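What follows is a set of notes on a single structure, which appears directly below.
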Amino acid sequence: MTAQETLANLGLAQATVATLATVMVIGLGFLHRPSRAALLWSLAFVLAMSSTWISVAGSVVGDEAVRRAGLGLMLGAPALIWSGFRARRHVPALPWIAALQSIATAVAFVLAVDLQVYGMTFRVAFLGAAIFAGLTIVEVRRAADRFERLALPLTIVSAGFVALAGAIVVAGLALPSSAQDLTLPRILNGLAMLIYLVCATVSVLYFTSVSPVGTRAARSWPQFSVTAEERLTRARRAQESSWNVLAIRLDDPDQIRSTIGENGWNRITSAFEALVAATLPAEADIGRPARGRLVVVVCRPGPVLREHVRTLLRRVTEMDADDWADLQLSASIGWVPAESAWYDLDELVGRAEDAAMTATRLGGDRWERVRA
C-alpha cells in the first residue's frame, strides 16, 4: 500500500469515527443532559466531523486547497474541548479562540503554496492544537472527579498529542522539508486525531453525564422532601440547634426568560444549581421546587453558614452570562433556623420562601434571616 493510499484510508476512518462520535456526544450527552459545556463539546465534534469530510472530499476530487482547508479547520477542535471544560467550572469559556484558530489555520494552509513553507506551517499549527490539548489536561486536573477512570483516556491522549507535536516540530527544525518529509507527519497526524477522537468521546460522555466539579445535582422535590424530613426528624430528637433551611431564588426570572428565551433560561438555571451545590457544604441536601428556585437543608452554625451565603451571593453575580445576554444575575436567599418551626419541613420552607421574597422586594442580591 502506497503512502497516498494510507493517507486516504486514514482520512476515511477519521471521517467515519468523527461522525459516529458526533452522533454519540450529541445524542447521549447534550440532548440527554444539556449544558453549556456539553454544547461546546458537541460543537467540537461537529467541527471535527465536518472538517474531516471536507478534507476527504478534497482528496477525492484532487483539490489540494480544499484538503488543506479541511485539515486546518480540524485543528481547532482541541480548543473547543478545552473551552467546554472551562464552561464546566463556570469561568469564561473563550470559544472564540477555537473559531479564530480554525479559520487562521485553514487560511494559512491554503496560502502556503511553497512546500517548505507549508511544511513548517503544518508543524506549527499542529503544535498550536497540542497547546490546547495540554491546557485541557490542566482543566481536567482541576476537576474534583479527575481520578475517575473514564477521565483518564482524554488525559492520556492529550499528553500523547503534546509529545507528538513537540517531536514533529523538532524533526522539522532538524531536517530539511521535502515531499517525502511531510508524508510521515501527515500519517502521524491522521493517527493522532483518530485516537484523540475515540478517547475524547469516552471522557466527554462521562463528564457530560455527571454534575460539574464533583458536586451534587439538585434533587427532584419528592426525593428531597423524603430525605429532608428524615434529617429534620433526627435533628429534633437530638435537639440539634445548628440546622437551617435556605430558600434560594434567582432574581427577576421572568425578565431573564423573556430576554434570552427558554433554552437560555435552562442553561442559566443549570449553571446556577451547579454553583449552589459547589458553594454550600458537601453534606447539604438540595431540592428543586422549580427552575431557578432551590431549597437547602444544612447543618452549620450561624456564623459559618453566613460566610457560605455571602460567598454564594457574590459568585452568582460573577456568573458568566455574557454568552446568553447582557444580564447581571443575582439571587435572593431566605434563611430560617430549623428550631424556629420545630423542625417541620413544610413550615420551614414556607417561612424561608417568604423571607426570600422579602429579600427580592428589597432589591435582591441579599439574604433575609428569620430569627428563631
Side-chain angles (χ1 to χ4, degrees), residues 22-47 49-50 79-100 102 204-205 207-213 215 217-221 247-279 286-295 312-333 353 356-357 359-361 363-365:
T22 303
V23 171
M24 292 175 65
V25 170
I26 294 177
L28 301 178
F30 177 70
L31 294 180
H32 177 67
R33 193 165 186 173
S35 66
R36 189 161 177 243
L39 174 63
L40 290 172
W41 289 329
S42 298
L43 290 176
F45 281 88
V46 169
L47 175 62
M49 177 187 69
S50 56
L80 271 177
I81 298 288
W82 167 74
S83 294
F85 278 100
R86 287 181 60 83
R88 189 173 187 258
R89 65 183 181 94
H90 307 293
V91 298
L94 310 177
W96 59 268
I97 294 178
L100 184 62
S102 291
V204 161
L205 284 176
F207 282 114
T208 305
S209 67
V210 298
S211 299
V213 294
T215 60
R219 297 181 183 180
S220 65
W221 191 251
I248 309 170
R249 59 172 62 221
L250 282 170
D251 293 327
D252 303 316
D254 294 335
Q255 179 184 348
I256 296 174
R257 238 191 204 128
S258 63
T259 301
I260 63 176
E262 195 65 28
N263 288 336
W265 167 251
N266 288 336
R267 292 199 299 273
I268 284 181
T269 54
S270 295
F272 169 66
E273 291 177 9
L275 183 63
V276 171
T279 304
I286 305 173
R288 183 199 309 114
R291 280 285 187 179
R293 290 170 48 205
L294 297 173
V295 173
L312 175 59
L313 290 175
R314 176 179 55 80
R315 293 185 67 183
V316 170
T317 62
E318 294 172 354
M319 281 177 62
D320 179 25
D322 293 340
D323 286 351
W324 297 308
D326 187 15
L327 295 172
Q328 177 60 61
L329 301 178
S330 64
S332 296
I333 300 177
E353 291 281 9
M357 287 298 295
T360 300
R361 286 194 296 270
D365 191 23

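Only a predicted model underlies this, so the values are computations on that prediction, with no experimental measurement involved. Quick note: numbers below take in every heavy atom, side chains included, and nothing from hydrogens, waters or symmetry partners.
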For Leu313 and Ala331, work out which heavy atoms get closest and say how close.
CD2-O, 3.3 Å
Would you say Leu329 and Phe272 make side-chain contact, with heavy atoms under 4.5 Å?
no
Pairing residues for Arg314 by the salt bridge (Lys or Arg N to Asp or Glu O under 4.0 Å) criterion, not counting sequence neighbours:
Glu318
Who pairs with Ser330 by side-chain hydrogen bond (donor to acceptor under 3.5 Å, both in side chains), at least two apart in sequence or on another chain?
Asp251
Evaluate the side chain to side chain contact (heavy atoms under 4.5 Å, CB included) criterion for residues Leu250 and Val316: first the C-alpha distance (whole Å), next the side-chain angles of each, then the deciding distance (0.1 Å), finally the verdict.
CA-CA 9 Å; Leu250 282 170; Val316 170; 4.2 Å; yes
Between Ser102 (side chain) and Ala99 (backbone), is there a donor-acceptor pair under 3.5 Å?
no
side-chain hydrogen bond (donor to acceptor under 3.5 Å, both in side chains) filter on Arg86, not counting sequence neighbours, yields none
For the student: nearest non-hydrogen atoms of Arg315 and Thr279, plus distance
NH1-OG1, 3.1 Å
Expected output: side-chain Ser83 to main-chain Ala93 donor-acceptor under 3.5 Å
yes
Heavy-atom pair of closest approach, residues Ser332 and Ala356
CB-O, 3.6 Å
Is Ile81 close to Trp41 at the side-chain level, that is, under 4.5 Å between some pair of heavy atoms?
yes
Closest non-hydrogen contact found for Ala37 with Gly84 is CB-O, 3.2 Å
Name all residues meeting the side-chain contact (heavy atoms from CB on, under 4.5 Å) criterion together with Pro253; count only those two or more places apart in sequence or in a different chain, and write none if there are none.
Trp265
So, using ring pair (Phe, Tyr, Trp, His ring centres under 6.0 Å) as the criterion, who are the partners of Phe45 when residues are at least two apart?
none
Contact summary for Thr317 and Gln328, nearest pair of heavy atoms
O-NE2, 3.0 Å
Roughly how far, to the nearest 0.5 Å, is CG of Leu80 from CG of Leu94?
11.5 Å
Sequence neighbours excluded, which residues qualify as side-chain contact (heavy atoms from CB on, under 4.5 Å) partners of Ser42?
Val25, Ile26, Phe30
Could you list the residues that satisfy side-chain contact (heavy atoms from CB on, under 4.5 Å) with Leu100, not counting sequence neighbours?
Trp96
Side chains of Val295 and Glu353, heavy atoms from C-beta outward: is any pair under 4.5 Å?
yes
Holding to side-chain contact (heavy atoms from CB on, under 4.5 Å), I want the full list of residues that pass it with Asp252, two or more places apart in sequence or in another chain.
Gln255
So, for Ala359 and Ile333, which heavy atoms are closest and what is the spacing to 0.1 Å?
CB-O, 4.2 Å
Can you tell me how far the CG atom of Leu294 sits from the OG1 atom of Thr269, to the nearest 0.5 Å?
9.0 Å
Leu40 side, atom CG; Arg88 side, atom CZ - distance, nearest 0.5 Å
13.0 Å
Give me the ring orientation class for Phe207 and Phe85: parallel if the planes are under 30° apart, tilted from 30 to 60°, perpendicular past 60°.
perpendicular
